[in-house]
Amino acid sequence: MDTKIYNIDNQKPDKNIIEEAASIIRDGGLVAFPTETVYGLGADALNKDASAKIYAAKGRPSDNPLIVHIAEFADFLRIAKEIPREARLLADAFWPGPLTLIVHKNEHVPYETTGGMDTVAVRMPNHPAALALIRESGCLIAAPSANTSGRPSPTLAEHVAEDLGGAIPVILDGGEVGIGIESTILDLTEPVPMILRPGYITVEMLEDVIGTVKVDPGIIAADSSIKPKAPGMKYRHYAPKAELIIVDGERAAVINKINELTDEMHAKGKKVGIIGTDETVAAYRGDRILSMGARDDEDAIARHLYRILREFDEEKADLIYSESFSTPRIGHAIMNRLLKAAGHQILVV
Ligand code: TXA
Ligand code: MG
């Protein structure tokens, strides 16, 4: 299959392009499109055959449910059994935006879309092209991140083309996404609302609107015997091919440790990759050194993370050392991804 890649103006997406993409969705096909978090791979959420195509294209395990993307709050009523009070409050506060809410599904949502679950994940993306595509198609759009299962989520259309080129008819190219890590997932079917995946919307932001929120113990534990509730969170994700080790501590101690480890690896003839920041990259001796951005610019760090992990996938590094990014606001979400990429290998100095 030939994959057409259309450049779109994010603020004013070309009507003809949106119409062509929307008709593919209506006909049960797949379209990759930008959102504010990462690129999504969309299909008609209420058409089970269309949803099944998403799993096939990504090589995604069939028990891993999809997020349904909507453009108006009224769309929520088409798929939810009931709308909890918290959902209305949170939608008012954060939609459109990087927050996914899990509620009980109604009979219109096929089990192919929810990976066999009786609940459904719903989000209204804050991206004019995504919203235009949903509206023009008249469908609700099921969309996981538009990567091959197991690879880092795509933050550029080029990443989508690398993974899915030849397998899908259309990619809408809106350039680099704004946030770079996937939406926060909040489960409203629990007695106390529970975060199943950390993201740009933090616990504190949610608690300001609905009071107490818990965090799924399964996503914090390095211990793999505690299973996360979101099926997708249990897979080893985001991982570059080379082994990745995080080094945490005071800046000078981290630089010394990484340089010492690099020297040891060089003595064995190994190639070393390093993930640092604008402030530190000049101090390292690795073979390929990439900066996540300025240390105090958390938004830049989140936006660059997946691109950097992908770059190391192409490099012939034998080992990657990364600084730690437990930054104040979204550090929890950033470290959740980085720790998974590192298989939880962290060295405290
Ligand atoms: O930012 C995002 O959320 C992006 C963009 C494209 O919107 N989408 C995304 O989808 O990250 P995906 O499929 O890569 O991740 C969805 C996660 C998976 O971990 C899945 O297991 C979980 O959401 N999930 C979906 N429905 C669920 C449900 N009913 N119960 C528990 N977890 C659910
Ligand atoms: Mg994903």
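Order of appearance sets the numbers: ligands from 1, and atoms from 1 within every ligand. Values in this document were obtained by computation on a predicted structure and should not be read as measured data.
- Atom numbering of ligand 1 starts at 1 in the shown order; those under 4.0 Å from a heavy atom of Thr119 are 28 (C), 29 (N), 30 (N).
- Between Lys4 and Glu20, at least one side-chain nitrogen of the basic residue sits less than 4.0 Å from a carboxylate oxygen of the acidic one, meeting the salt-bridge criterion.
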Show, in sequence, the C-alpha distance, side-chain angles and deciding distance for Ile181 and Arg337, and conclude whether the side chain to side chain contact (heavy atoms under 4.5 Å, CB included) test is met.
CA-CA 8 Å; Ile181 51 177; Arg337 275 73 175 181; 4.2 Å; yes
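- Those atoms of ligand 1 with a heavy atom of Ser183 less than 4.0 angstrom away are 1 (O), 2 (C), 3 (O).
- For ligand 1, the polar-atom distance check against Tyr39 finds no nitrogen or oxygen pair separated by under 3.5 Å.
- A cation-pi arrangement is found for Lys105 relative to Tyr111, the charged atom lying closer than 6.0 Å to the ring centre and inside a 45° cone about the ring normal.
- Considering backbone and side-chain atoms alike, Glu182 places every N or O at 3.5 Å or more from each N or O of ligand 1.
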Before giving the answer on side chain to side chain donor-acceptor pair (under 3.5 Å), spell out for Arg123 and Thr37 the whole-Å C-alpha distance, their side-chain angles and the decisive distance to 0.1 Å.
CA-CA 11 Å; Arg123 136 171 150 84; Thr37 56; 3.2 Å; yes
Is there a side chain to side chain donor-acceptor pair (under 3.5 Å) between Ser183 and Arg197? Walk through the geometry before answering.
CA-CA 8 Å; Ser183 60; Arg197 180 174 70 185; 3.2 Å; yes
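- Any N or O atom pair closer than 3.5 Å counts here, and Lys58 shares no such pair with ligand 1.
- Between Gly232 and ligand 1, an N or O atom pair is found at a separation short of 3.5 Å.
- A heavy-atom separation below 4.0 Å is found between Pro231 and ligand 1.
- A donor-acceptor pair under 3.5 Å is absent between the side-chain atoms of Glu279 and the main chain of Ala294, judged by distance alone.
- For ligand 1, the atoms lying closer than 4.0 Å to a non-hydrogen atom of Ile102 are 27 (C), 28 (C), 30 (N), 31 (C), 32 (N), 33 (C).
- No donor-acceptor pair closer than 3.5 Å links the side chain of Thr148 to the backbone N or O of Arg151.
- Between the side chain of Tyr200 and the main chain of Gly180, no donor-acceptor pair closer than 3.5 Å is present.
- For ligand 1 and Met233, the ligand atoms under 4.0 Å from any heavy atom of the residue are 19 (O).
- Ligand 1 has Ala143 within reach: a non-hydrogen atom of the residue lies less than 4.0 Å from it.
- For ligand 1, the polar-atom distance check against His69 finds a nitrogen or oxygen pair separated by under 3.5 Å.
- At a 4.0 Å cut-off, at least one heavy atom of Arg60 sits close enough to ligand 1 to count as contact.
- Interatomic distance, OG of Ser137 versus CG of Asp44, reported as 7.5 Å (0.5 Å rounding).
- Counting heavy atoms closer than 4.0 Å to ligand 1, residue Ile185 contributes side-chain atoms (C-beta onward) but none from N, CA, C or O.
- Between Trp95 and Phe76, the angle of the ring planes lies from 30° to 60°, which puts this pair in the tilted group.
- Contact check for Arg303 versus Ile179: no side-chain heavy atoms found under the 4.5 Å cut-off.
- Residue-ligand proximity, Ile67 to ligand 1, at heavy-atom distances under 4.0 Å covers atoms 3 (O), 8 (N), 9 (C), 10 (O), 16 (C).
- One N or O on the side chain of Ser291 and one on the backbone of Asp278 form a donor-acceptor pair closer than 3.5 Å.
- Near Asn64, with a cut-off below 4.0 Å to any heavy atom, the atoms of ligand 1 are 18 (C), 20 (C), 21 (O).
- Less than 4.0 angstrom separates some heavy atom of Thr37 from each of these atoms of ligand 1: 1 (O), 2 (C), 4 (C), 5 (C).
- The nearest N, O or S atom of Ser145 is closer to the Mg ion (ligand 2) than 2.8 Å.
- Within the set Ala146, Gly116, Ser145, the minimum heavy-atom distance to atom 9 (C) of ligand 1 is found for Ser145.
- For ligand 1, the atoms closer than 4.0 angstrom to any heavy atom of Leu196 are 31 (C).
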